[in-house]
Amino acid sequence: MNRVLLKLSGEALAGEKKHGFDEKTVYDVAGQVKKILDKGIQLCVVIGGGNFWRGRTSENMDRVKADSIGMLATVMNCIYTADAFRVFGIKSHIMTPFACGTMTELFNRDKAVEYMEQGEVVFFAGGIGHPYFSTDMATVLMAVEVKADVVLSAKAIDGVYDSDPKTNPNAKKYDSMQMKDIVDNKLGVIDLASAVLAMENKMPMMLFGLNGEDSIVKAVTGGFTGTYVNV
């Protein structure tokens, strides 16, 4: 692998608290990213906002406003995580599709690639800048634009199952599958529009649990135990 996009779920970053940040978890991510960068692998990051905001709080809330709050939640997550990276000596940049004062810079694909080629990390925050699209869409779209080799999707669950392992103790975990299976069976691993975009642009994904020991490093160096989604 030469260049990867790491997708972190906000829920996974919250750890046991299920809300906000678990500092140990975030610092563990930073330490693993440092190991990956030291191997000469370029890396960019998308973070979900589920640890702060997930959809509308009521049926009365406007969807556009709710999604706008979700976009800002991802910006907060990226600012926090980028600071944890700084502690490990990792230089990073936060790019957004909309202006956020001096906290971020506007997305520029060529500049993002230039940063990564210099060994620096780029955070893509704020989704795609429009409502009705999840961070899954931002993940696939950014991976395609910067020509990543694969999306590493670190979640609170350790792979793709045929049913919800939280409610079904006999749920079967897939070692590998096709993106077409996710689309055809509506498995909900990522939203359908994002899965179709990944399939059309041949962008594979590796889904795994963030809480596994060195799970991010193992995804790129060997010992991967999650689900590989081929295209």
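Computed over heavy atoms, backbone and side chain alike; hydrogens, waters and symmetry mates excluded.
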K.L.:
Under 6.0 Å from the CD atom of Glu117, do we count more than 12 heavy atoms belonging to anything else shown?
P.N.:
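It does: Glu117 CD has more than 12 such atoms within range.
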K.L.:
Considering non-hydrogen atoms only, spot the tightest contact between Gly31 and Phe88 and give its length.
P.N.:
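Nearest heavy atoms, Gly31 then Phe88: CA-CE2, 3.6 Å.
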K.L.:
Should Leu106 and Val121 be counted in the same cluster of Ile, Leu, Val, Met, Phe, Trp and Tyr side chains packed under 4.5 Å apart?
P.N.:
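The answer is no; the residues belong to distinct hydrophobic clusters.
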K.L.:
Which distance, rounded to the nearest 0.5 Å, do you find between the CG of Asp28 and the NZ of Lys24?
P.N.:
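It is 5.5 Å, given to the nearest 0.5 Å.
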K.L.:
What's the shortest heavy-atom distance between Met137 and Ile128, and which atoms?
P.N.:
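Met137 and Ile128 have their closest heavy atoms at CG-CG2, 4.2 Å.
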K.L.:
Do the non-hydrogen side-chain atoms of Cys44 and Met116 ever get within less than 4.5 Å of each other?
P.N.:
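They are in contact (side-chain heavy atoms under 4.5 Å apart), so the answer is yes.
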K.L.:
Hey, do the aromatic rings of Phe21 and Phe52 have their centres closer than 6.0 Å?
P.N.:
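Centroid distance Phe21-Phe52: below 6.0 Å, so yes.
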K.L.:
Nearest 0.5 Å, what's the CD1-CE distance between Ile69 and Met71?
P.N.:
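Result: 10.5 Å between the selected atoms.
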K.L.:
Quick check: is Met203 connected to Met177 through a chain of hydrophobic side chains (ILVMFWY, heavy atoms under 4.5 Å apart)?
P.N.:
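Yes; tracing contacts between hydrophobic side chains, which count when under 4.5 Å, links both residues.
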K.L.:
Using the rule that Ile, Leu, Val, Met, Phe, Trp and Tyr join whenever any side-chain heavy atoms are under 4.5 Å apart, tell me whether Phe133 and Leu8 fall into a single cluster.
P.N.:
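Each belongs to a different hydrophobic cluster.
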K.L.:
Between Asp162 and Lys172, is there a donor-acceptor pair closer than 3.5 Å when you use the side chain of the first and the backbone of the second?
P.N.:
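A pair under 3.5 Å: yes.
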K.L.:
Just distance, no hydrogens or angles: give the donor-acceptor pairs under 3.5 Å from side chains in residues 138-156, sequence neighbours left out.
P.N.:
{"from": "Thr139", "atom 1": "OG1", "to": "Thr135", "atom 2": "O", "distance (Å)": "2.7"}
{"from": "Asp149", "atom 1": "OD2", "to": "Asn2", "atom 2": "N", "distance (Å)": "2.7"}
{"from": "Asp149", "atom 1": "OD2", "to": "Arg3", "atom 2": "N", "distance (Å)": "2.9"}

K.L.:
If you compare all heavy atoms of Trp53 against all heavy atoms of Ala73, which two are closest, and at what distance to 0.1 Å?
P.N.:
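Smallest heavy-atom distance, with atoms named: CB-CB, 4.3 Å.
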K.L.:
Kindly give the heavy-atom pair with the smallest separation between Ile47 and Lys7, and that separation in Å.
P.N.:
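Nearest heavy atoms, Ile47 then Lys7: C-CE, 4.5 Å.
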K.L.:
Identify which one of Phe124, Phe98, Phe123, Tyr115 satisfies the ring-ring contact (aromatic ring centres under 6.0 Å, His included) criterion when paired with Phe107.
P.N.:
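So, applying the ring-ring contact (aromatic ring centres under 6.0 Å, His included) to Phe107 and each of Phe124, Phe98, Phe123, Tyr115, only Phe124 qualifies.
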K.L.:
For residues Pro97 and Gly127, report the shortest heavy-atom separation together with the two atoms involved.
P.N.:
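Closest pair (atom of Pro97, atom of Gly127, distance): CG-O, 3.8 Å.
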K.L.:
Donor-acceptor pair, distance only, cut-off 3.5 Å: does the side chain of Thr96 make one with the backbone of Gly126?
P.N.:
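Side chain of Thr96 to backbone of Gly126: no pair is present.
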K.L.:
With Asp184, which residues qualify under salt bridge (charged side-chain N to carboxylate O under 4.0 Å, His left out), at least two apart?
P.N.:
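Counting only residues at least two positions away or on another chain, Asp184 forms a salt bridge (charged side-chain N to carboxylate O under 4.0 Å, His left out) with Lys180.
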K.L.:
Do Lys111 and Met95 have side-chain heavy atoms sitting under 4.5 Å apart?
P.N.:
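The answer is yes, as the side chains (C-beta and beyond) meet within the 4.5 Å cut-off.
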K.L.:
Would you compute the distance between atom NZ of Lys166 and atom CD1 of Ile157 and round it to the nearest 0.5 angstrom?
P.N.:
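Taking NZ in Lys166 and CD1 in Ile157, the distance rounds to 6.5 Å.
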K.L.:
Take Leu13 and Leu210, measure what side chain to side chain contact (heavy atoms under 4.5 Å, CB included) needs, and give me the verdict at the end.
P.N.:
CA-CA 8 Å; Leu13 288 182; Leu210 178 61; 4.2 Å; yes
K.L.:
Assigning hydrophobic clusters by single linkage (Ile, Leu, Val, Met, Phe, Trp, Tyr; side-chain heavy-atom cutoff under 4.5 Å), is Tyr80 placed with Val122?
P.N.:
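No, it is not one cluster - the side chains of Tyr80 and Val122 are not joined through contacts under 4.5 Å.
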K.L.:
Would you say Val46 and Ile94 are hydrophobically clustered, going by side-chain heavy atoms of ILVMFWY under 4.5 Å?
P.N.:
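Result: no, two separate clusters.
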K.L.:
What distance do Gln42 atom CD and Glu120 atom CD have between them, rounded to the nearest 0.5 Å?
P.N.:
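Result: 11.0 Å between the selected atoms.
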K.L.:
Restricting to salt bridge (charged side-chain N to carboxylate O under 4.0 Å, His left out), what partner residues turn up for Asp164, sequence neighbours left out?
P.N.:
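None.
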K.L.:
Clusters formed by hydrophobic residues whose side-chain heavy atoms approach within less than 4.5 Å: which one holds Tyr132, and what are its other members?
P.N.:
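Other cluster members: Val64.
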K.L.:
When rounded to the nearest 0.5 angstrom, what distance separates CZ in Phe85 from CG in Leu37?
P.N.:
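That separation rounds to 8.0 Å.
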K.L.:
Evaluate whether atom CD of Glu213 has more than 12 neighbouring non-hydrogen atoms of other residues, nucleotides or ligands under 6.0 angstrom away.
P.N.:
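Count not over threshold, so no.
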K.L.:
Once salt bridge (charged side-chain N to carboxylate O under 4.0 Å, His left out) is applied, do any residues pair with Asp214, and if so which ones, sequence neighbours excluded?
P.N.:
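With neighbours one apart ignored, the set is Lys35.
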K.L.:
Of the non-hydrogen atoms in Thr225 and Lys173, which two are nearest, and what is the gap between them?
P.N.:
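Minimum heavy-atom separation between Thr225 and Lys173: O-NZ, 2.6 Å.
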K.L.:
Taking Gly48's backbone N and O only, do any of them form a donor-acceptor pair with Asn77's side chain (distance below 3.5 Å, no angle check)?
P.N.:
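Present.
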K.L.:
Between Glu11 and Asn51, does the side chain to side chain contact (heavy atoms under 4.5 Å, CB included) criterion hold? Intermediate values first, please.
P.N.:
CA-CA 5 Å; Glu11 181 186 0; Asn51 53 328; 5.8 Å; no
K.L.:
What do the steps show when you test Ile79 against Asp83 for side chain to side chain contact (heavy atoms under 4.5 Å, CB included), and what is the final call?
P.N.:
CA-CA 6 Å; Ile79 292 173; Asp83 189 67; 5.9 Å; no
K.L.:
Sub-3.5 Å donor-acceptor pair from the side chain of Thr74 to the main-chain atoms of Ala125, do we have one?
P.N.:
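Pair absent, no side-chain N/O of Thr74 close to backbone of Ala125.
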K.L.:
Do Met205 and Ile190 touch side chain to side chain, with heavy atoms closer than 4.5 Å?
P.N.:
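Side-chain contact under 4.5 Å: yes.
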K.L.:
How many angstroms lie between CG in Leu187 and CG in Leu192, if you round to the nearest 0.5 Å?
P.N.:
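If we round to the nearest 0.5 Å, Leu187:CG and Leu192:CG are 9.5 Å apart.
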K.L.:
Under a 4.0 Å N-O cut-off, is there an ion pair linking Asp38 with Lys34?
P.N.:
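Between Lys34 and Asp38 there is a salt bridge, with a charged N closer than 4.0 Å to a carboxylate O.
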K.L.:
Donor-acceptor pair, distance only, cut-off 3.5 Å: does the side chain of Gln32 make one with the backbone of Val217?
P.N.:
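Yes, the answer is positive, given that a donor and an acceptor are paired below the 3.5 Å cut-off.
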K.L.:
Are Met206 and Val4 close enough, and set up right, to give a side chain to side chain contact (heavy atoms under 4.5 Å, CB included), and what steps lead you there?
P.N.:
CA-CA 11 Å; Met206 300 171 75; Val4 299; over 6 Å; no
K.L.:
State which residues pass salt bridge (charged side-chain N to carboxylate O under 4.0 Å, His left out) with Glu105; sequence neighbours excluded, sorted by chain then number.
P.N.:
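Not a single residue meets the salt bridge (charged side-chain N to carboxylate O under 4.0 Å, His left out) criterion with Glu105.
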K.L.:
Is Val45 close to Thr81 at the side-chain level, that is, under 4.5 Å between some pair of heavy atoms?
P.N.:
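The answer is no, as the side chains (C-beta and beyond) never meet within the 4.5 Å cut-off.
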